[in-house]
Asks: 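Before I ask anything, let me first share the structure, which is written out below as structure tokens.
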Amino acid sequence: MILGDTMLTNSKEMLLSAKKNNYAIAQFNINNLEWTKYILEEMNNLKAPVILGVSEGTIQYMGGYKTIVNMINGLIADLKIEIPVCIHLDHGSSIDSCIQAIDAGFTSVMIDASKYPLPENIRITRQVVLYAHANDVTVEAEVGHIGGNEDGVRGQILNATLEDCLELVKATNVDSLAPALGSVHGLYKGELNLDFEIMKQINKNLEIPLVLHGGTGISDHKIKQAISCGISKININTELQLVWYQAVKEYITENNEVYDPRKVIASGEKNIKDKIREKQKLFMNQQIIN
Ligand code: 13P
């Protein structure tokens with residue numbers, strides 16, 4: 001649904017269309033205003049819907065939930081963005097955090113209650129779904145536990161089972177599901193072992209779209225395999241940070257007298273946009289032409 005006179009939308013239609021047509025929607029996480037601007041500009045050029053992932057760390061860093069929503073709305077209007085844009089709370093850690101995001105105007109939330117046993121995960125997720133759906137906001141949940149570097153803490157990986165996924169979805173009426181199947185946030189230490197078999201079975205048994213977290217560092221081949229096994233949304237954060245950092249490091253080395261933050265930050269723009277284009281083509285199952 002397109003809300004009011006902005007292009008803000010929840011993730012329902014974009015994800016269902018991706019599931020039906022065998023491609024994946026990109027969730028690119030934002031870190032600041034520039035990041036958001038580059039993602040919106042590039043995805044608008046590509047005429048592709050986008051999910052802007054916002055972690056609680058970013059919300060705190062930028063000032064708060066309302067700041068994020070107002071900034072994105074301002075950019076959509078000023079840059080004349082014409083694609084559907086979803087503002088998504090990434091890894092909401094509590095019911096309260098999800099409510100604050102929804103009240104501020106986020107159009108989608110993830111409730112990550114995966115650190116609790118399944119019955120508690122279900123109880124918390126169900127409450128978020130009730131509040132979210134009453135506000136036309138979509139909800140993503142997590143089953144198992146996706147490991148990795150979450151706000152500096154390296155979490156444990158716990159793979160999801162088909163039974164747990166079915167039980168949670170039936171009991172909560174959630175809109176999309178992130179089953180932990182081997183991917184981690186941040187850089188991989190050693191070989192990635194994604195459980196494509198269970199992924200396929202979960203997809204076959206569920207009508208809602210599946211989400212792959214930890215998109216950074218997964219080979220193109222495995223991304224395509226994941227999409228063919230039913231993944232409809234892929235989250236990318238670290239990879240954009242890495243290519244931005246590479247460009248900025250070079251720029252500062254070559255221009256060591258420049259102190260204007262606008263020039264320093266913007267020196268990473270091309271790398272971010274190139275990476276977004278590359279990922280979008282891959283997720284659409286298109287040939288990558290640079
Ligand atoms: P990466 O940082 O590994 O790309 O993961 C992003 C993510 O899954 C956000 O939820």
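Any value given below was found using the heavy atoms of this structure, including those in side chains, with hydrogens, waters and symmetry copies removed. A quick note: this is a predicted structure, and the numbers were derived from the prediction, not measured. Atoms within a ligand are numbered from 1 in the order they appear, just like the ligands themselves.
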Asks: Considering only NZ, NE, NH1 and NH2 on the basic side and carboxylate oxygens on the acidic side, decide whether Lys222 and Glu191 come within less than 4.0 Å.
Replies: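 Here Lys222 pairs with Glu191 in a salt bridge, since their nearest N and O are under 4.0 Å apart.
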
Asks: Report yes or no: does a heavy atom of Gly53 sit under 4.0 Å from some atom of ligand 1?
Replies: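 The answer is no, since Gly53 has no heavy atom less than 4.0 Å from ligand 1.
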
Asks: Checking salt bridge (charged side-chain N to carboxylate O under 4.0 Å, His left out) for the pair Lys200/Glu197: CA distance, chi angles, key distance, verdict?
Replies: CA-CA 5 Å; Lys200 240 189 286 180; Glu197 248 340 284; 3.3 Å; yes

Asks: Is there a donor in the side chain of Glu41 and an acceptor in the side chain of Asn45, or the other way round, less than 3.5 Å apart?
Replies: no

Asks: Checking a contact table here: which protein heavy atom is nearest atom 3 (O) of ligand 1, and how many Å away?
Replies: Gly186 N, 2.9 Å

Asks: We want to know whether His185 and Asn235 form a side-chain donor-acceptor pair, criterion being a heavy-atom distance below 3.5 angstrom.
Replies: no

Asks: Do Ser183 and His213 get their side chains close enough for a donor-acceptor pair, meaning under 3.5 Å?
Replies: no

Asks: Does Glu142 offer a backbone N or O that forms a donor-acceptor pair with the side chain of Asn121 under 3.5 Å?
Replies: yes

Asks: Should Ile236 be counted as touching ligand 1, given the test is an N or O pair under 3.5 Å?
Replies: no

Asks: Among all protein heavy atoms in this structure, tell me which lies nearest to atom 8 (O) of ligand 1, with the distance rounded to 0.1 Å.
Replies: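 Result for atom 8 (O) of ligand 1: Gly214 N, 2.7 Å.
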
Asks: His213 heavy atoms, cut-off 4.0 Å: which ligand 1 atoms fall inside?
Replies: 8 (O), 10 (O)

Asks: Report the part of Asp90 in contact with ligand 1, treating N, CA, C, O as backbone and CB onward as side chain, heavy atoms under 4.0 Å; options are side chain, backbone, both, neither.
Replies: side chain

Asks: Hey, is ligand 1 close enough to Asn29 that some N/O pair sits below 3.5 Å?
Replies: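 No, Asn29 has no N/O under 3.5 Å of an N/O on ligand 1.
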
Asks: Could you tell me, atom by atom, which parts of ligand 1 come under 4.0 Å of a heavy atom of His91?
Replies: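 Result: 10 (O).
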
Asks: For atom 4 (O) of ligand 1, what's the nearest protein heavy atom and its distance?
Replies: Thr216 OG1, 2.5 Å

Asks: Are Glu120 and Arg123 close enough for a salt bridge, meaning some N to O gap below 4.0 Å?
Replies: yes

Asks: Under 4.0 Å from any heavy atom of Gly215, which atoms of ligand 1 are there?
Replies: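 The atoms of ligand 1 under 4.0 Å from a heavy atom of Gly215 are 3 (O), 4 (O), 5 (O).
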
Asks: Less than 3.5 Å apart, any donor N or O on the side chain of Asn29 or Asp90 sitting next to an acceptor on the other?
Replies: yes

Asks: Identify the protein heavy atom lying closest to atom 2 (O) of ligand 1, giving its residue, its atom name and the separation to 0.1 Å.
Replies: Thr238 OG1, 2.5 Å

